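What follows is a single structure, written as structure tokens, with notes after it.
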Amino acid sequence: MNQVNTTESMEFKAEVQQLLNILSHSLYTEREIFLRELISNASDALNRMQFEMLTNQEILDPNVELAIRIDFDEEAKTITIADSGIGMTREELVENLGTIAHSGAMAFLKKLDAEKRVDDIIGQFGVGFYAVFMVAEEVRVSSRSYRPDAAAWVWTSTGDNTYTLASAEKADRGTSIEVKLKEDATEFAAAWKLEQTVKKHSDYVSFPIYVKDKVANQQTAIWQQSPSQVEEDAYNDFYRQLTLDFEKPLLHLHIVADVPVDIHSILFIPTQRERGMLRIRNDYGLKLYSRKILIQEYNKDMLPEYMRFIEGIVDSMDIPLNVARESVQSSRTMNHIQKALRSRVIKTLRELGEEKPEDYMTFWKEFGSFIKEGVSTDFAGRDDLLPLLRFQTSRSEGKLVSLADYVARMVDEQDAIYYILGDTLASVTSSPHLDPFKSRDLEVLYLVDPLDAFMVQSLREYESKPLKNVDDPDLTLPKTAADEALATEAAKVEQESFDHLVTRFKNVLDERIVDVRASKVLKDSPARLVAPESGPEHELARVRRFLEQDYGIPARILEINRAHPLIQNLAHLVEQAENNPIIDLSIEQLFENMLLLEGLHPNPAQMVPRIQSLLEAAAAKNLT
Ligand code: ADP
Ligand code: MG
């Protein structure tokens, strides 16, 4: 190629200009993090180089040490960060440092405006490189790609709206970034300052970082150490470097095994699920290493999918280095590792639940839905997950309890675990279905999360106790002393007039119900809707209603309480004044009340005119 050696001037994209303007004119106290960002880029470039070397024969300088070198000149007030990484071609310089693909800049600026600090956030938007302009008067990036035929180029900018590109003399592979320091940033042109900053922010970078001729970082991959040698702080630092989440993780697991498969893994459970849109990593998955070489950035096979909230890395000597990324998936080694990690995660969470219930609540609040997803999807491993579940119940007084807690306080003769499905806590706590359970002291799980309806399909049993929906029409509940009193009360309405009322209900409600019948269990409530058949099918209806906007719920059975004054009065009214409009209004309203309590009412506002008529009738009645 016959390269004309001219300097070409180009403009930054508008967002980048704005970003540069702010970075170079504000005084951020954390500006030392520019070094962390440059080192992190160098380390990425070295990782990618390492990976190329596994598969690619045609490489410039194949034998050069993979390292980062920091040099400085106190008098000239410059520092230089050089790496022997993958390098950049001219096009890559333009694309990565100039014009394209920096949609992150806008998002970053917004966040910066809110947070007023750079350090936590800059790396998360793919704009870390520009942090250098907090300390730089001018930056020169000389780079030569690893491709043997690529030429070297130099990119320069003073952080205003433009940058220049020119061909350069650079014999060796990689990138060298020369920073001319601003007057007020000359402190960085000193060995101690550089060493300290490297130690603080980049200690675990897995390539040597030389400051002049001295290695300044510890470099040992922390996961290769024995867990007893690693301090808590080191895990936290590592987590931060991995995720850029500046909140400490809720817990970490350090897993080391050498037989039958070598595993060195550190897994983290974050404290929060939503860490803003800010994540350094724009996908989920574990970092997969083999012999300290990063072979996959987002491995999704090492943990079941529902554990995607977990961050971390896995390193195994037993994963062949030269495998293609796609074929990493299904080896026996991988299976083994997956099993080991999965069971360690579950065991650790179980222990957390037992030993630190408060921390466990934090976990459950943030990540409980993933566990529920697991119960629904991990058929083979479901039973392991059940101890992790937590529920509010009719007896938990706002706290969350486990299935084990529930089973431990089951009453005599109780042979099932009962649950009620609903949309909100308020609707389930006032549900008529709970009547017979309250009077018998039977605890009921409140399932009010949309995911619960899914989950309960797969959760048919816990420790050989079946789970049963309280609206199951075939429940057999222990007898109580109150049953007799109820029967006496019910007998106050004659069978014949009760039958008339039932017929009236059927006529009014017609195809909206499958049947109307006397309830055997209701005590304080006038009525309830039960499923036309038992089993999980009708619970699916709830799921479908959630997913499909205009899905109509299949009709149910209306049970009415013959011992309840409202039902009794209606029965009398039918006998005395068959044509009184209050009868049909009340039937309609009672039915809709039940829909509402079930969370099945399509449009509660529709009830208002009818309620109004009923109120008018009640007011008129009280006048006379
Ligand atoms: P990020 O690292 O999040 O992608 P940066 O702004 O830090 O964002 O860097 C932008 C891009 O510039 C990198 O993705 C990479 O492609 C390129 N780059 C930066 N520094 C180097 C380097 N030392 N060697 C090779 N490429 C680099
Ligand atoms: Mg970066």
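In each ligand, atom 1 is the first atom listed, and ligand 1 is the first ligand listed. Owing to the predicted nature of the structure, the values given are computational and were not obtained by experimental measurement.
Within ligand 1, counting atoms from 1 as listed, the ones closer than 4.0 Å to a heavy atom of Phe129 are 5 (P), 6 (O), 7 (O). Close approach of ligand 1 to Leu97 (heavy-atom distance below 4.0 Å) involves ligand atoms 12 (O). Short contacts between ligand 1 and Ala45, defined as distances under 4.0 Å to a heavy atom of the residue, involve ligand atoms 24 (N), 25 (C). Within the listing of ligand 1, atoms 22 (C), 23 (N) sit less than 4.0 angstrom from a heavy atom of Asp83.
Under the 4.0 angstrom criterion for non-hydrogen atoms, Glu37 is not in contact with ligand 1.
Of the polar atoms of Asn96, at least one N or O is found under 3.5 Å from an N or O of ligand 1, judged by distance alone. The N/O atoms of Ile86, backbone and side chain alike, include none that comes under 3.5 Å of an N/O atom in ligand 1.
Here atom 9 (O) of ligand 1 lies nearest to Asn41 when heavy atoms of Asp44, Asn41, Ile81, Thr175 are compared.
Without hydrogens or angle criteria, Thr197 side chain to Lys193 main chain gives a donor-acceptor distance under 3.5 Å.
The environment of CD in Glu65 is crowded: more than 12 heavy-atom neighbours from other residues, nucleotides or ligands sit within 6.0 Å.
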Would you check, one step at a time, whether the test ring-ring contact (aromatic ring centres under 6.0 Å, His included) holds for Phe72 with Trp192?
CA-CA 11 Å; Phe72 62 92; Trp192 73 269; over 10 Å; no
Could you walk me through whether Arg240 and Phe238 pass the side chain to side chain contact (heavy atoms under 4.5 Å, CB included) check?
CA-CA 5 Å; Arg240 182 159 30 156; Phe238 178 62; over 6 Å; no
Apply ring-ring contact (aromatic ring centres under 6.0 Å, His included) to residues Tyr239 and His252 and explain how you reach the verdict.
CA-CA 9 Å; Tyr239 173 74; His252 70 260; over 10 Å; no
Cut-off 3.5 Å, no hydrogens considered: what does the side-chain donor-acceptor table look like for residues 176-191, sequence neighbours left out?
from   : atom 1 : to     : atom 2 : distance (Å)
Lys182 : NZ     : Ser24  : O      : 2.7
Lys182 : NZ     : Phe133 : O      : 3.4
Lys182 : NZ     : Met134 : O      : 3.3
Glu183 : OE2    : Lys77  : NZ     : 3.4
Asp184 : OD1    : Arg31  : NH1    : 3.4

Per-pair distances, 0.1 Å, donor-acceptor, side chain in residues 361-374, under 3.5 Å, sequence neighbours excluded:
from   : atom 1 : to     : atom 2 : distance (Å)
Thr362 : OG1    : Glu358 : O      : 3.4
Glu366 : OE1    : Arg273 : N      : 2.8
Ser369 : OG     : Arg273 : NH1    : 3.0
Lys372 : NZ     : Asp449 : OD2    : 2.9
Lys372 : NZ     : Asp452 : OD1    : 2.9
Glu373 : OE1    : Arg308 : NH1    : 3.4
Glu373 : OE1    : Arg308 : NH2    : 3.0
Glu373 : OE2    : Arg308 : NH1    : 2.9

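The distance from the Mg ion (ligand 2) to the nearest N/O/S atom of Ser40 is not under 2.8 Å.
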